[in-house]
Structure formats: C-alpha cells, structure tokens
Amino acid sequence: MKIGSVELPSPFVVSPMAGMTDTAFRRLVKRKGGCGLVVSEMVSSEGLVRGIDRTLDYAEYTEEERPVSIQIFGGDPERMAEAARVVEGMGADIVDVNMGCPVPKIARHHAGCSLMREPGHAAAIIGAMVKAVRIPVTVKMRKGWDDTDLNAPDVARRVEEAGASAIAIHGRTAKQSYSGHADWEFVAGVAGAVRIPVFGSGDCIEPEEVVARLRSGVSGVFVGRGVLRNPWILAQARDVMEGRPPVPVSLAERGRFLLDYIELLLDDPDLEADGFRHVAPGQAASEAAPARSRDRWVINKVRALCSWYTKGLDGGSQLRTRVNAALSLSQLRETIEVFFLADVPPIETALAGRP
Ligand SMILES: Cc1cc2nc3c(=O)[nH]c(=O)nc-3n(C[C@H](O)[C@H](O)[C@H](O)COP(=O)(O)O)c2cc1C
C-alpha cells in the first residue's frame, strides 16, 4: 500500500485528533504495532508560515513515527503552499489538508469542511500545494456539508485532478458532527469513483470492525476514537487480518501505557513552563521551566486522554473522577498504579513505565 511514493507497512492509520494525537501518544501507539501511518493534530497554515512556536510544536514528530503525515488547515492557496513547504522542510513524509473540521472557528476562514462547499477553491489549494512540494499531498474530508450536499465524490475527483495522492473520508456530514453513524457504503462508493487510494474513517471501536471496514472497498482505515480507547486496536486488527485472535491486553499493560505516556510527555528536552517549547537561544530548557506549570500541562494531557481511555472499563468513571482530582504528577501516578497495577507483584510495579 502506497501513498505517492510513500510505502505504508499496514493499511491502518492513527487518525488526526486535535489535542490528542501528539507525538508522545503516536509513538506509544506505533510501538504496539499494526500502524501504517500516523497523522498529526491539525496545524494552522498561518502559524507554520509565520513560524509561531506553539504551531511548530503541534507539527513536531520523531523518527520512530515514520511514515508521518502532518495535517494543515487554512483557506488561502498561496499560504497553504507555503505551509506545505514548511512541512516538507521539517522532513515529514506527507502533508495532509483538513477539509473535514466542522468547528465554526475554522470553517469561518474558508478552511476545514467549509472548503467542501467551494470545490473549485479546494482544488486550487491542492494544486498550489502540489506545485510547491515533492512530498505527497493528501486530503481528509467528510461525506459533504449536509444531507442536501453530499458532494464528497465531486470534491474527491477535483482534488485528484489537482494532484492529490490519497483521500480519507469520514463518513458523516459536517452538520452531523459526530451524531448518527459513519456511512461506509458511501465512502466505498467514493473509492470506486477515483483512482487514488481512499481511506475510510468512522466508528471503528473493535479490531474486527477495522478489518471488516477494510474489506468494504477502501484502501485503508483511519481509526480515531477507537485508538484513544484502545491504543492496541491497530495491532489487534493486524492479528485479525492475519487470522489470529487479537492479542489480549491486561489491566497492568493499560496502566503502564498511561505511565509511559506521562514519561514521554515529560521527556521533551525543550518543554517549557506552559508545556510548549519557546526556549530562548542559549538558555537551558530546565532553567526556563517552573516544574509546576509543566506538570499541570502533563496532568491536563493525561486527563484528556483518560476521558476516552477509561470508556468501557470496569470502574472507569470512578477512575476518571480520581484522575480529574489529582493535583500533582505523583498523585496522578499513584492513582494509575492503584487502579491498574494493584494486583501486580511489587517488582513489576517498580519497573512500570520504563521501556
Ligand atoms: C478529539 C477529536 C479531535 C479530532 N481532530 C481532528 C483533526 O485535527 N483533524 C481531522 O481531520 N480530524 C479530526 N478528528 C476526526 C477524526 O480524525 C475522525 O475522522 C473522526 O473522529 C471519526 O473517526 P472515529 O470514529 O474513528 O473517531 C477529531 C476527532 C476527535 C474525536
């Protein structure tokens, strides 16, 4: 399976999720296996072009995540082309364009899903980006804006003609946001209407669903919320695809994932006080980082993940309450250890979180 010249080792992809699919999370999912591609959180094209530190942080990735796609949003063809050059300059394998975000703050600026209402303009953006860079340019879109305008097939053909190398489609309209169900039949129909690979997205919670969707006529499957609930889902989907029962995941392993996540978030050499990196030249990051607000940033990241990660877990809502009440990293670690690792022999507990 290839996107342009980029080889994907598996058809299963970590879907972009703002605030969630940071480099630490993506690395941990990648280490579990079965992952063919990771996509960054959406990043502002304006922020990239202006070199705003916070934006550059969102686009940060590590070598072990490859192949890696950076998703950008924006509505101006020239600025998007310039942003694509920045992404290429950062060494990413693929640059993806967000045409699916329904949030008014984004849609207002002719970006996100509102681009689907202006297919000619959407194609002009892709054309400008394709001219500007050598890496593949891809698009993530929805079924359409609303039920009266299900134009993903038209937008898909236009961006293909403009040079896009692949498309991912979340099988809902912008109006639906996350209500109802993703329409995989519709997505398969779009896949049949273009020559480039089409990935489907939406509602895969179990590994068996990921494989069933793959067999519905798409080239690959983007998994979003399912990965937040179960970071092993792509590895388990690979098991199912290869005819093995999905590898079971123990409670202790789930606990270690969270502890590892904390360590990776903390293990950022440039991490500054507010959790972003804007260290003055010549200044050591540690000098610039009062621990308390850095810890707060990590705690907030873990809380956000836990709101998904604890879904469907026995005692999950009590755990969420305790995680949300933790005021320090040590309280947070202890809460995780008590919930997930209480039955694990002490030596194992002592090693938890260390690779
Ligand atoms: C918290 C959250 C943040 C998201 N952020 C993005 C984003 O930045 N870019 C994007 O293209 N899609 C974004 N999405 C949409 C997902 O990538 C995915 O298409 C959608 O959630 C449907 O797939 P799922 O049911 O597997 O989650 C986001 C979804 C969630 C739940």
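When a residue number appears, it is its place in the shown sequence, counting from 1. One-based numbering, in listed order, for ligands and for the atoms of each.
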N/O contact list for ligand 1, threshold under 3.5 Å:
from     : atom 1 : to   : atom 2 : distance (Å)
ligand 1 : 5 (N)  : A18  : N      : 2.8
ligand 1 : 8 (O)  : A18  : N      : 3.4
ligand 1 : 8 (O)  : M42  : N      : 3.4
ligand 1 : 9 (N)  : Q71  : OE1    : 2.7
ligand 1 : 9 (N)  : N98  : ND2    : 3.3
ligand 1 : 11 (O) : Q71  : OE1    : 3.4
ligand 1 : 11 (O) : Q71  : NE2    : 2.8
ligand 1 : 11 (O) : K140 : NZ     : 3.1
ligand 1 : 12 (N) : P16  : O      : 3.4
ligand 1 : 12 (N) : K140 : NZ     : 3.0
ligand 1 : 14 (N) : P16  : O      : 3.3
ligand 1 : 17 (O) : S15  : OG     : 2.8
ligand 1 : 17 (O) : P16  : O      : 2.7
ligand 1 : 17 (O) : K140 : NZ     : 3.2
ligand 1 : 19 (O) : K140 : NZ     : 2.8
ligand 1 : 19 (O) : S201 : OG     : 2.8
ligand 1 : 23 (O) : S201 : OG     : 3.3
ligand 1 : 25 (O) : D203 : N      : 2.7
ligand 1 : 25 (O) : R225 : NE     : 3.3
ligand 1 : 25 (O) : R225 : NH2    : 2.7
ligand 1 : 26 (O) : G224 : N      : 2.9
ligand 1 : 27 (O) : R225 : N      : 2.8
ligand 1 : 27 (O) : R225 : NE     : 2.9

Problem - Close side-chain approach of S219 to M1, heavy-atom, < 4.5 Å - result: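 They are in side-chain contact.
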Exercise for the section: Could you give me the CA-CA distance, side-chain angles and deciding distance for Y61 and D93, then say whether side chain to side chain donor-acceptor pair (under 3.5 Å) is met? Expected result: CA-CA 11 Å; Y61 67 91; D93 299 292; over 6 Å; no
Exercise for the section: Sequence neighbours left out, what passes side-chain contact (heavy atoms from CB on, under 4.5 Å) with A83? Give chain and number order. Expected result: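 Expected list: S45, L48, V49, I72.
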Practice task
Examine F340 together with F257 and report whether their ring centres are nearer than 6.0 Å.
Solution key: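 Not under 6.0 Å, so no.
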Exercise for the section: Check whether the ring centres of H170 and F199 lie less than 6.0 Å apart, and answer yes or no. Expected result: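 That pair fails the under 6.0 Å test.
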Handout entry: Criterion salt bridge (Lys or Arg N to Asp or Glu O under 4.0 Å) on E161 and R195, from CA distance to verdict
Key = CA-CA 10 Å; E161 272 165 30; R195 290 177 305 276; over 6 Å; no
